[in-house]
Amino acid sequence: MNRQDILDLLIKKDGLDVHEIADALKMEDTSSFIALNRELNDLERDNDVFFGDDEKYYIVDDKKIKKGTVIIKRNNNAYIDDDEGLFEIRSNDLKGAMNKDVVLYARYGHYARILKIISHYSSAVVGLIRIRKGKIEFYADDIRMKDFKITNLKNFKLKDRMKVRCIITNYIKKEMILESIITYLDDPRSRELSILYSYNVPMEFTSTALNECKTFKKYIDVKDYPKRADLTSEMVMTIDGDDSKDFDDAISVYRQGEDYLLKVHIADVSEYVKENSALDKNARDRATSIYYADRVIPMLPLELSNGLCSLNPGVNRLTITAEMVYDRYGNQLDFKVYESVIKSKYRMTYNNVNKIFDGDETLRKEYSELLDMLDAGYELSSILRKRREDGGSIDFKDDEAKLIIKNDKVYDIVLRERGIAEKMIEDFMIGANVAVASYMKYLDYPMIYRNHDYPKTDRLLSFVEVVEQMGYKFKGNKYAIRSKQLRECLEYYEGSDLELVVSNLMLRSMAKAVYDNVPEGHYGLGLEDYCHFTSPIRRYPDLVVHRMLKKYVFSYDHLDDKDKDIKKNGEIANLASDRERRAVNIERDIMDLKRCEYMADKVGKIYDGVISSVLSFGFFVKLDNTVEGLVHVSELDGYYTFDEKMMVLRSDNQEYKVGMRVRVKVSDVDLRRCSIDFRLYNKRRKRIGF
């Protein structure tokens, strides 16, 4: 008898007690029965089986009992995001689970029931201290964390309206200890600081790491690096946003007859951040820079991210250059990667480059020596993008919001636009990432890849059915949708009111991109091999890729470390994927907060929007400025039923579905819950009597 024998048995006949399992496996002696119990305990501990209240064992698979993550909205609506859709959790079925906890659950109808909490997501609670008549009260920012009690209040000298951070010590008894004082509620940034502290984000670098920054030479002399290619005399430029301060990539692009030579120069962060140094430990723990509102929590200290590693114009910088030659069809004819020194000649912005492409004569005259390179870059970018699209790359239309902030107040929210310049740099960075990934895979050297799996069939089929009811028809087998078909779907809606809605629905049907030490392809980009090589200032996996290049390509005396590095890269990949999810959640939560702050004084105002998602308890409406709010089903006239398959709320004479344009009135903005409520607005004509 072994573990697999038990699992195979439970797959065939689910719901057996220990005696039934022993009989089925023909165990007759005491020692075998003891061994069986020990193995069942291990399987239960590893969450491969579930031991129910009926004292029977059930297999954990994708049919009856599943692993999943609980999502609890700030209005206390709870659900599981299943492959087949959203399944609500009734309050008495939560079993103490909190937001983002990993659980075992069972589905019944439209609902999910929590069976077991595997792991808690939150370890910290941030909230407000109120002192009234000498009595200290604590109010958690996240109302989902209510009823927790602080057990060490006497250890701190607290004042009214202090924001504090607490650490959970007992989930069952809901006990925690006060760890630190953050700020006062009157601080205009108190709410966003509370979000950051709740995610346990390191806000400061260690003194050891900062001291390491002081040891680096401020000036880079080419003579000190004789093994590096000297590219300081070449025409090199950076192209970034107007407000960017760290420049980790620069480009050079030339026509060579009918071919194109592209050089992508990436800041050589690995020259300064050595493995296992204090800087490295700080960077690895963060794994990514976090961008939120108009601020950033950098992965590296500013002395590096905005200084020595930033490819600022007019100064020598250490880089790793990926050099590609393409023909006029986008085929890569040649590839080289090497250590280099560059001196960027121009710090260009997306805004100015787009104006140059649009024919701005003043800028074309000012940057006349760049025109040939920019024209060549535009041609090559168009070729590479078309080739990638023909291979199935999906160009998601992202309704990314840009906050206009003055004096810590949101004055406006607008859509961030992507012009020719943004797309050109994106195409070149993807080209460099593909080239490096393919090269390292071919050489079979240790790497960290960026993988994007094929979407789950059920989730993708649900998307197809919803979009088809909106008017689009997919051709061929709907159970084997190719990425190229999804791109064609987006092209169909391009320029319409439904473009962003369909793009967002499609994104929700996709698997999450992750880091791994094994190349498994990138579905969304339609690529066999992909990695992140081009942003080592803000992403730790890119830094590791540079180290692997140095260790195995630029040097040949480390082959004995392959197995060790493969294992280490796998661990780093898992950590980086986790930290990336944390950064995405933080950026989303703070963006939701800023949207609420912006809408706080707009209660009663009327807006037009599009229904972006439909659930059993109502539907969300997204405004043109990306603000999203809930129209609760209780606000609708009549009795509505929810068609989960088609994502439709339907009554006898009315239905609401994804993509419908509606007019809404802002009814409530709750800054504590970070939620916005709408009501449908139907303007009735006044009757005029004579």
Side-chain angles (χ1 to χ4, degrees), residues 43-127 138-151 165-177 194-195 198-200 459 508 512 578 581-582 584-586 588-589 592 613 615-618 630 644 672-675:
L43 286 167
E44 185 185 4
R45 181 200 63 208
D46 295 339
N47 298 302
D48 292 321
V49 301
F50 172 70
F51 186 60
D53 294 336
D54 57 1
E55 297 188 349
K56 292 186 177 183
Y57 291 91
Y58 297 85
I59 192 77
V60 176
D61 58 14
D62 289 331
K63 297 177 181 177
K64 295 181 180 179
I65 298 176
K66 302 184 178 186
K67 294 179 185 178
T69 302
V70 175
I71 300 173
I72 303 178
K73 293 292 186 180
R74 291 180 182 266
N75 57 12
N76 286 326
N77 289 321
Y79 57 92
I80 291 280
D81 191 357
D82 194 289
D83 294 337
E84 298 178 18
L86 296 176
F87 292 84
E88 289 183 65
I89 309 171
R90 290 169 171 159
S91 57
N92 59 340
D93 286 332
L94 268 171
K95 300 291 180 67
M98 299 188 299
N99 188 44
K100 298 178 185 174
D101 285 355
V102 178
V103 299
L104 293 182
Y105 69 97
R107 278 175 31 195
Y108 59 104
H110 301 323
Y111 299 94
R113 178 188 294 120
I114 305 302
L115 302 175
K116 177 185 176 182
I117 299 172
I118 296 175
S119 62
H120 289 289
Y121 178 84
S122 298
S123 61
V125 181
V126 173
F138 173 79
Y139 297 91
D141 287 353
D142 189 339
I143 61 173
R144 295 165 294 194
M145 294 292 195
K146 62 182 179 180
D147 300 329
F148 275 85
K149 297 179 181 179
I150 302 174
T151 60
R165 182 175 186 268
C166 303
I167 302 298
I168 299 173
T169 55
N170 191 313
Y171 288 91
I172 297 174
K173 294 182 180 180
K174 291 196 170 184
E175 294 178 347
M176 57 190 184
I177 58 172
S194 296
I195 292 173
S198 69
Y199 279 99
N200 200 28
R459 180 167 289 194
R508 293 174 193 170
K512 302 295 184 185
D578 178 72
R581 287 190 291 270
R582 179 178 72 175
V584 169
N585 288 335
I586 289 170
R588 183 200 61 227
D589 287 355
D592 287 345
S613 61
L615 301 169
S616 61
F617 52 83
L630 173 69
E644 64 173 294
R672 191 177 172 206
R673 295 173 184 262
C674 276
S675 64

Please give me the minimum heavy-atom distance between [X] and [Y], naming the atom from each residue.
{"X": "I167", "Y": "A124", "answer": "CD1-CB, 4.1 Å"}
{"X": "K100", "Y": "R588", "answer": "NZ-NH2, 3.8 Å"}
{"X": "L104", "Y": "V60", "answer": "CD2-CG1, 3.8 Å"}
{"X": "Y105", "Y": "A112", "answer": "CD1-CB, 4.0 Å"}
{"X": "Y171", "Y": "S123", "answer": "OH-CA, 3.6 Å"}

Find the distance between [atom1] ([X]) and [atom2] ([Y]) and round it off to the nearest 0.5 Å.
{"X": "I172", "Y": "I117", "atom1": "CD1", "atom2": "CD1", "answer": "8.5 Å"}
{"X": "I80", "Y": "I89", "atom1": "CD1", "atom2": "CD1", "answer": "4.0 Å"}
{"X": "K67", "Y": "S119", "atom1": "NZ", "atom2": "OG", "answer": "10.0 Å"}
{"X": "S194", "Y": "D141", "atom1": "OG", "atom2": "CG", "answer": "4.0 Å"}
{"X": "Y57", "Y": "I65", "atom1": "OH", "atom2": "CD1", "answer": "13.0 Å"}
{"X": "I71", "Y": "D101", "atom1": "CD1", "atom2": "CG", "answer": "12.0 Å"}

(Q) Quick one, M176 with M145, criterion side-chain contact (heavy atoms from CB on, under 4.5 Å). Give me CA distance, side-chain angles, the key distance, then yes/no. (A) CA-CA 11 Å; M176 57 190 184; M145 294 292 195; over 6 Å; no
Q: Using side-chain contact (heavy atoms from CB on, under 4.5 Å) as the criterion, point out the one residue from D142, L94, N77 that pairs with I72.
A: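 Of D142, L94, N77, side-chain contact (heavy atoms from CB on, under 4.5 Å) with I72 is met by L94 alone.
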Should [X] and [Y] count as side-chain neighbours, where that means a heavy-atom distance under 4.5 Å?
{"X": "R508", "Y": "S613", "result": "yes"}
{"X": "D93", "Y": "I114", "result": "no"}
{"X": "L630", "Y": "F617", "result": "yes"}

Q: Would you tell me whether N585 and R582 have side-chain atoms, one donor and one acceptor, within less than 3.5 Å of each other?
A: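 No.
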Q | Test item: R672 side-chain N/O and A140 main-chain N/O as donor-acceptor pair under 3.5 Å | A | yes
Anything under 3.5 Å between a donor and an acceptor, one on a side chain of residues 49-56, the other on a protein residue two or more places apart or in another chain? List them.
unit_1 : atom_1 : unit_2 : atom_2 : d
D54    : OD1    : K56    : N      : 3.1
D54    : OD2    : Y58    : OH     : 2.5

